[in-house]
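What follows is a set of notes on a single structure, which appears directly below.
Numbered from 1 within each chain, the chains take letters A, B, ... in sequence-line order.
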Number of protein chains: 2
Amino acid sequence: MCSSTQNMCSNTYCFVKISTVLYICENEKKYTIKDIAALAGVSKGTVDRVLHKRGKVSEEALAKVNRILEDIDYKPNVIARNLKNNKDYHIGVLLPNPDIDNYWKRCKEGILSASQVFMPFNVNVTIVTYDPRSTVSFKKKHQVLLKQNPDAVLLAPLFYKEAKKAISDYKKLNIPVLTFNNQVSPEIADGFVGQDLIQSGRVAAKLLHSMIKTGDITIIHINEDITNALHMQQKEKGFTTYFKELNTSLFKITTLQIEAKKLQTALPEYLNSHPNTKGLFITTSKSYLVAQTLETANFSDISLIGYDLLDLNIDYLKSEIITFLINQNPKQQTYLGITKLAEHLIYQNEIKKKTLLPIDIINSENFSLYIQ
Amino acid sequence: MCSSTQNMCSNTYCFVKISTVLYICENEKKYTIKDIAALAGVSKGTVDRVLHKRGKVSEEALAKVNRILEDIDYKPNVIARNLKNNKDYHIGVLLPNPDIDNYWKRCKEGILSASQVFMPFNVNVTIVTYDPRSTVSFKKKHQVLLKQNPDAVLLAPLFYKEAKKAISDYKKLNIPVLTFNNQVSPEIADGFVGQDLIQSGRVAAKLLHSMIKTGDITIIHINEDITNALHMQQKEKGFTTYFKELNTSLFKITTLQIEAKKLQTALPEYLNSHPNTKGLFITTSKSYLVAQTLETANFSDISLIGYDLLDLNIDYLKSEIITFLINQNPKQQTYLGITKLAEHLIYQNEIKKKTLLPIDIINSENFSLYIQ
DNA sequence: TTGAAAGCGCTAACAC
DNA sequence: GTGTTAGCGCTTTCAA
């Protein structure tokens, strides 16, 4: 019951401000289809037909019901709606195998966690894992998932061409697809959940900039495979753009591509020949490899920034060899992804084209709160 | 339908791993009270009485039903449960007035946002605002809320003694209370949602430490009022502890108490007499006042760390006068607070004693993602 | 084209 | 103590 001078009603709630007391109160009446049926002088069945646009309703009845629906701003009771639903929904996930690359472990956790939430709504989740080093594996596992005929799909599109093909396969069957981790070219999937990678490069740049007043800074791409090519490029772009915009000659930015195996020898060599190097930015979650090398070869005084809260990375964060990590929020990405798909299936919610997660800055004092 | 060699069933789901494909599938059967009644050879009513411990059940029936409930690990259908619920729940919030201190604006947003979510569950939220500078106002508004006889209460216990009294008033009426923003002495309220303030002081310390190799560092408490006394002390404690643990003489830590009005004159004076000052840690959300002073008095080369994403703070973050802000996540605090209370009312979920939110580190490149 | 009716799983009032 | 029954709001079937 709202009674006040300034009544700013919105939706079914109204916010009323009286002196320093803010009330939020429900609207006086919650209408049900029964009410609507009575108001329109028709039966509940007819109202339902109108609501779901199932046809078989006379012009007259349709107009009358629609008018009332508008008038009262009818909102169906989502709880009752789902009670009846015996439908079993099925969400399929195409995920890089966490046993091959540990980064994906937290993604799996996010998926499991979200699937718990939607259990009572008859949402089943299937994870199909593929080898993140192999496009063949991706294609094969995509076929596996496709055959399961899921109602919605969440996938990490590591391989551009193959992902594009897979998504179009699902779209042909009218199966909504949400991507996470990295975007394939926009507009192909129904939505994306993840981070702005260019911006995350800028965050890294700013961090180094706040620690280093002048000197050489090196971007290191660790190429174990082709997987992260796009990823790494975008981060590099953001990083270099930041320093370009500074428009100063205090910093020299270099990019280095090193294979993981060669790191132990190549990096010390490089650093010895570039003694003015004050900062390193590692574009993948493998910064522990660099930290290891720095430690072994006894380089200190070099600020190191990497990605992701892997156990190994955190160890080096604690021992101050890695200064900052950027958290890509893998768990949250998949949790949100599953949530959005589930809510799409259950409530017919629209899938947002792009959901950008925060870019968390992590140091040795706050990491524990991000891995709960 | 699960069929596999290693079946690790948990809850009503089972996780089955076969080669690189991970399946999550529902258990074959979802039991309803009807099933249980049939299995136990009693009626649904009896099962219901057992479930809700309403008594009036024979020893025999009770044992039989309980045994079955355990056997099948029965989980009631939350959807159906709420369908019946005509009860209107009422959550009351005691919030410092955002018009007096802008910090609380985001708290209000979190409250409104969460209350939207629980609208369909008949959860109504009332916000009663008090003047954060006045214990009298707090006590008065507490009485206002108390008279509304809410089913649960969320409050920011700015004043130790008064908050304690208020909480005990609610407890006497068996109204659950959740606190946010800062903790009153443990065990008084049913739960707390917020940050570990000591740890957040450590985060600030670590940030300054990664930027400053040696020099003087000053902690500044801006005392506009007594409100934040506890807050500030805890942050200071974490901050100084961090540097003590370093066990080095490279840094000199000083604490300063300044009134907001005197800042413009007192701070430059102080800094001139302490020219080796390299870093400032502001323990409240008013770091923009310090930034303003530094800018006007033309001090550069001093790293500044403060709290909270107020517009003014962000302006100085952008112009590089503030280096880092620590986000106390005000919106998330209240959002979670309302959520927990609502779920307690609806599902009888237990209220967790302590929920600690991450301590977000913010710089000029990632702030936008935290204020969405 | 329409309305009546059964039922989703759970709750609670009411007889016995 | 116990079982029966009538809903909660919505969906869906079925007969008219």
Side-chain angles (χ1 to χ4, degrees), chain A residues 12 26-27 29-66 68-69 72-89 119-123 345-348, chain B residues 12 26-27 29-66 68-69 72-89 119-123 345-348:
Chain A
T12 60
E26 60 181 332
N27 268 347
K29 180 116 182 79
K30 284 201 174 153
Y31 292 93
T32 70
I33 42 168
K34 196 173 142 193
D35 300 324
I36 296 161
L39 284 168
V42 298
S43 73
K44 293 197 296 171
T46 304
V47 176
D48 190 65
R49 262 165 249 138
V50 174
L51 281 172
H52 292 90
K53 304 191 168 76
R54 283 211 219 84
K56 305 191 176 181
V57 179
S58 66
E59 292 267 321
E60 194 190 6
L62 186 105
K64 226 177 350 184
V65 171
N66 268 331
I68 291 168
L69 287 178
I72 63 174
D73 187 26
Y74 171 71
K75 298 258 161 67
N77 180 328
V78 283
I79 300 166
R81 186 187 321 254
N82 278 287
L83 182 57
K84 184 64 182 182
N85 243 344
N86 300 326
K87 261 173 284 182
D88 267 16
Y89 299 112
M119 215 193 306
F121 295 89
N122 292 327
V123 176
L345 294 174
I346 301 171
Y347 306 124
Q348 289 81 50
Chain B
T12 60
E26 62 182 328
N27 269 347
K29 181 122 184 72
K30 282 197 176 158
Y31 291 92
T32 70
I33 42 168
K34 196 174 142 195
D35 300 323
I36 296 162
L39 284 168
V42 298
S43 73
K44 293 196 298 170
T46 304
V47 176
D48 190 62
R49 261 166 249 140
V50 174
L51 281 172
H52 296 288
K53 303 191 168 76
R54 280 211 223 86
K56 306 194 175 179
V57 178
S58 67
E59 292 267 320
E60 195 190 6
L62 186 105
K64 226 175 356 181
V65 171
N66 268 331
I68 291 168
L69 287 177
I72 62 173
D73 186 29
Y74 171 71
K75 298 258 161 63
N77 181 327
V78 284
I79 300 165
R81 195 201 295 269
N82 277 286
L83 182 56
K84 183 65 184 182
N85 246 343
N86 301 326
K87 262 171 281 181
D88 266 16
Y89 299 111
M119 215 194 303
F121 294 89
N122 291 326
V123 176
L345 294 173
I346 301 171
Y347 306 125
Q348 289 81 51

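For residues 43-53 of chain A, every residue pair satisfying the salt bridge (charged side-chain N to carboxylate O under 4.0 Å, His left out) rule, not counting sequence neighbours, is listed here: A:Asp48-A:Arg54.
The separation between B:Tyr31 atom OH and C:dC8 atom P is 17 Å, rounded to whole Å. Between A:Lys34 atom NZ and D:dT11 atom P there is a gap of 16 Å when expressed in whole angstrom units. A straight line from CD1 of B:Ile33 to C1' of D:dT2 spans 15 Å, rounded to a whole angstrom. The separation between B:Asn77 atom CG and D:dC10 atom C1' is 14 Å, rounded to whole Å. Rounded to whole Å, atom P of D:dG9 lies 8 Å from atom CG of A:Asp35.
Remark: B:Lys44, B:Asp48, B:His52, B:Arg54 in residues 36-57 of chain B come within less than 4.0 Å of DNA chain C through at least one heavy atom.
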Could you list the donor-acceptor pairs under 3.5 angstrom formed between side-chain atoms of residues 56-66 of chain B and any protein atom two or more places apart in sequence or on another chain?
| residue | atom | partner | partner atom | Å |
| --- | --- | --- | --- | --- |
| B:Ser58 | OG | B:Ala61 | N | 3.2 |
| B:Lys64 | NZ | B:Ala40 | O | 3.4 |

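The shortest side-chain heavy-atom distance between A:Thr32 and A:Asn77 does not fall under the 4.5 Å cut-off.
With axes fitted over five pairs at each extremity, the angle between the ends of the helix from C:dT1-D:dA16 to C:dC16-D:dG1 is 50° (10° resolution).
For B:Thr32, taking side-chain heavy atoms from C-beta onward, the closest of the listed nucleotides C:dC10, D:dC8, C:dT2 is C:dC10.
Shown here for A:Val47 and A:Val42, the closest heavy-atom pair between the two residues is CG2-CG2, 3.9 Å. Between B:Ser43 and B:Ala37, the closest heavy-atom pair is C-CB, 3.7 Å. Summarising the geometry of B:Tyr74 relative to B:Tyr31, their closest heavy-atom pair is CE1-O, 3.5 Å, with the distance given to 0.1 Å.
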Between B:Leu69 and B:Leu51, is the side-chain contact (heavy atoms from CB on, under 4.5 Å) condition met? List the steps.
CA-CA 9 Å; B:Leu69 287 177; B:Leu51 281 172; 3.7 Å; yes

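Taking side-chain N and O atoms only, B:Tyr74 has a distance below 4.0 Å to OP1 or OP2 of C:dC10.
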